[in-house]
Amino acid sequence: MCGIAGIFHVGEKQAIPADLIAAMNDRQIHRGPDAGDYYFEPGLALAHRRLSIIDLEGSPQPMQSACGRAVIVFNGEIYNFKALHTELKSKGYVFNTDGDTETILNAYLEWGEDCVHHLRGMFAFAVWDKEKEALFVARDRVGIKPFFFTLLDNGHFAFGSELKVLTQHPRFDHTLRDTTIEDYFTFGYVPEPHTIYQHTYKLRPGHRFTIHRGQKSLPEQEEYWDIPVDFDNELSSQEIEAQLVERLKEAVDIRMVADVPLGSFLSGGVDSSAVVALMSQLQDDPVNACSIGFDVETFNETDFAKMVAERYKSNHHIEMVGQNDFDLIDKLAFLYDEPYADSSAMPTYRVCELARKHVTVALSGDGADELFAGYGRYRLHGHEEKVRGMLPLGLRKPVFGPLGALYPKMDWAPRIFRAKTTFQSMALDTVEGYHNSMSILRRDERLKLYSDDYKQKLNGYSSIEVFNQYRSKLSNLDPIKKAQYLDMKTYLVGDILTKVDRASMAHSLEVRVPFLDHKFVEWGFKAPTSLNLVSGVGKHTLKKAMEPHLPHDVLYRKKMGFSVPLATWFKGPLKERLYDGLLGKHMTESGYFSAQQLKTLVDQHVKGVRDNSASLWTLMMFESFLRQSSETKRAAQSGQAGV
């Protein structure tokens with residue numbers, strides 16, 4: 001696991017200043033504290049920070065192929081590298097190392113851009129091809145590892161593992177993209193392929209492209225893999241029961257290869273518990289399991305984690321986090337580099353901090369909810385779809401649309417149960433309804449929050465466009481599968497995987513995700529909704545398969561998740577910060593918000609009129625981003641003039 005960075009001068013072979021690429025690379029030293037090195041040639045600089053996991057001494061980066069034609073910087077792990085090593089060696093390729101990095105290099109020389117089809121793992125890499133004078137970049141299929149890039153006005157194509165690498169460049173364009181602010185206040189993150197910045201992008205999961213010397217614009221991203229949605233037949237219950245555990249065990253097994261201490265997260269939920277159970281069956285030594293507990297009972301899952309740890313005699317490490325552990329707010333804004341509003345990033349940061357005390361690699365259970373319909377919102381989306389199915393859209397709009405506008409919001413209820421939200425969803429089609437019900441702020445709430453000037457800049461744009469770009473892929477899927485597919489393309493990569501990558505790499509910890517092995521995803525997504533959602537219970541497929549391996553109370557208890565007591569914080573210890581931040585100059589002078597609506601949201605919550613905690617946290621993280629990004633801009637532009 002590492003951090004990568006680079007600058008390719010697409011216009012001419014102009015030397016890249018060594019101090020510039022070093023400054024960029026140093027911004028991600030946390031991703032790879034073990035080593036850092038560079039490769040230079042006229043018009044090109046590649047940089048790498050290494051966290052040693054496999055072949056600890058023998059795979060330095062940037063790495064040049066044995067023939068000298070290609071150079072790579074790579075972040076991730078290739079789990080089938082030994083088999084590829086053997087295959088490529090039989091074709092005559094020379095290997096000077098025993099790691100996975102050189103395997104990608106030789107795979108590129110053999111198969112070109114199609115080398116990605118041969119790789120099983122998580123990865124983001126760039127390969128410089130000297131013969132073609134071109135840079136080939138690729139990202140893993142589901143987006144576990146990040147890749148940011150931009151083309152600057154001086155001809156520098158710059159890339160890195162984190163946005164902070166790029167913002168270090170003095171020519172970086174800090175202009176914000178207006179539409180992604182609307183996206184952020186819908187989803188709580190900025191969805192691929194955009195970033196918060198106008199001219200900077202994320203490489204989409206399962207995509208690749210090549211940029212050549214002489215190109216004057218960024219190439220289109222090419223999709224090389226997608227979640228299969230045109231499967232001929234769904235899996236039967238017999239097939240699932242016979243195959244799920246063995247397939248998942250194989251995905252876990254290949255992720256247990258490491259030359260450093262290895263363990264797992266253990267939240268006490270089904271997914272991480274399943275990973276620990278299977279790891280225990282695959283190794284003789286006890287699994288190093290790491291859990292975070294909370295000093296508030298309603299947020300604490302450690303009793304369930306202990307059940308699993310005791311059953312499998314794990315080396316169980318537990319640390320407790322106080323309910324007032326809110327000192328991380330500004331640190332999170334620094335880690336994520338752009339607005340990011342998932343408050344569970346705080347306990348995730350803490351569990352990564354705990355894990356790094358004991359291991360260098362940890363397995364997680366992320367991805368199971370999206371793959372096997374584990375979120376409660378899927379069940380509620382299904383209920384809404386049944387109502388939608390009773391009336392055609394042409395009749396639902398005139399009936400439910402006015403009700404959604406008139407019915408008062410039921411603030412005592414969880415957001416998805418509120419009558420106004422439900423009525424609004426009934427007036428929409430399947431995709432629009434799911435978008436409305438899972439939004440942090442609904443469309444009407446966002447428009448009330450925005451200033452008139454910002455609404456004019458949006459020019460009618462709505463964040464539904466993030467979902468609309470996938471509509472063509474959804475026609476063969478039932479409503480729940482549509483929601484799962486959308487989540488895997490947006491929420492999983494933009495929220496869940498982003499959260500874990502930044503939180504883990506802040507502590508130089510590698511996290512591996514067996515549920516998101518692409519072969520397991522291709523198989524598991526075929527599990528029918530009728531078997532995943534049974535009597536209102538999500539992930540039924542996975543739970544049934546794991547019954548011989550986990551306690552009943554772990555499998556069938558109510559889902560909790562990593563929650564933090566935001567509502568209480570904003571009425572107490574964070575009240576002053578709430579007023580100072582949301583009503584301060586960075587927000588009121590940004591031009592994006594109605595100052596009156598900002599004050600209304602804060603006042604309503606503090607006085608107990610409405611629970612606006614989700615909206616307020618989203619706004620607070622945006623304010624922290626605005627404040628820190630302005631400081632970053634000043635520092636970068638004063639640091640290296642004339643580049």
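Both backbone and side-chain heavy atoms feed into the values below; hydrogens, waters and symmetry mates do not. What you see is a predicted model, and the numbers here were worked out from it, not measured in a lab.
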Per the ring pair (Phe, Tyr, Trp, His ring centres under 6.0 Å) rule, what does the pair list look like for residues 464-484, sequence neighbours excluded?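 Every pair satisfying ring pair (Phe, Tyr, Trp, His ring centres under 6.0 Å) with a residue in residues 464-484: F187-F467, H435-F467.
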Residues 487-512 vs ring pair (Phe, Tyr, Trp, His ring centres under 6.0 Å), sequence neighbours excluded, gives Y349-H507, Y375-Y491
Pair [X]-[Y], side-chain donor/acceptor within less than 3.5 Å:
X    : Y    : value
H549 : Q281 : yes
H316 : S291 : yes
Y79  : D100 : no
E465 : N468 : yes

Under the salt bridge (Lys or Arg N to Asp or Glu O under 4.0 Å) definition, can you give me all pairs with a residue in residues 344-360, not counting sequence neighbours?
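Qualifying pairs, neighbours excluded: E319-K357, D325-R350, R350-E353.
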Mind listing the closest non-hydrogen atom pair of [X] and [Y] along with its distance?
X    : Y    : answer
V275 : S364 : CG2-O, 3.8 Å
V190 : H194 : CG1-O, 3.6 Å
V287 : V276 : CG2-O, 4.2 Å
D140 : G121 : CB-O, 3.8 Å
G268 : S273 : C-OG, 3.8 Å
E370 : D487 : CG-CB, 4.1 Å

Taking only residues two or more places apart in sequence, or in another chain, which ones meet S236 in a side chain to side chain contact (heavy atoms under 4.5 Å, CB included)?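 With neighbours one apart ignored, the set is Q238, E239.
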List the residues meeting salt bridge (Lys or Arg N to Asp or Glu O under 4.0 Å) with [X], not counting sequence neighbours, and say none if there are none.
X    : value
R204 : none
D337 : K164
R471 : D429
R255 : D517

Flag side-chain contact, heavy atom, 4.5 Å: [X] against [Y]:
X    : Y    : answer
T103 : I78  : no
F265 : V511 : yes
D369 : L492 : no
F125 : K145 : no
Y201 : E192 : no
F515 : D366 : no

Salt bridge present between [X] and [Y] (N-O < 4.0 angstrom):
X    : Y    : answer
K539 : D271 : yes
K544 : E547 : yes
K482 : E385 : no

By ring-ring contact (aromatic ring centres under 6.0 Å, His included) - contacts of [X] (at least two apart):
X    : result
H85  : F95
H317 : H358
H118 : W111
F148 : none

OG1 (T101) and CD (Q61) are apart, to the nearest 0.5 Å, by 4.0 Å
Quick one: sort the Y224 and F123 rings into parallel, tilted or perpendicular, breaks at 30° and 60°.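 Answer is parallel, since the angle falls under 30°.
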Salt bridge (charged side-chain N to carboxylate O under 4.0 Å, His left out) with E223: which of R208, K489, R139, R141?
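By the salt bridge (charged side-chain N to carboxylate O under 4.0 Å, His left out) criterion, E223 pairs with just one of R208, K489, R139, R141: K489.
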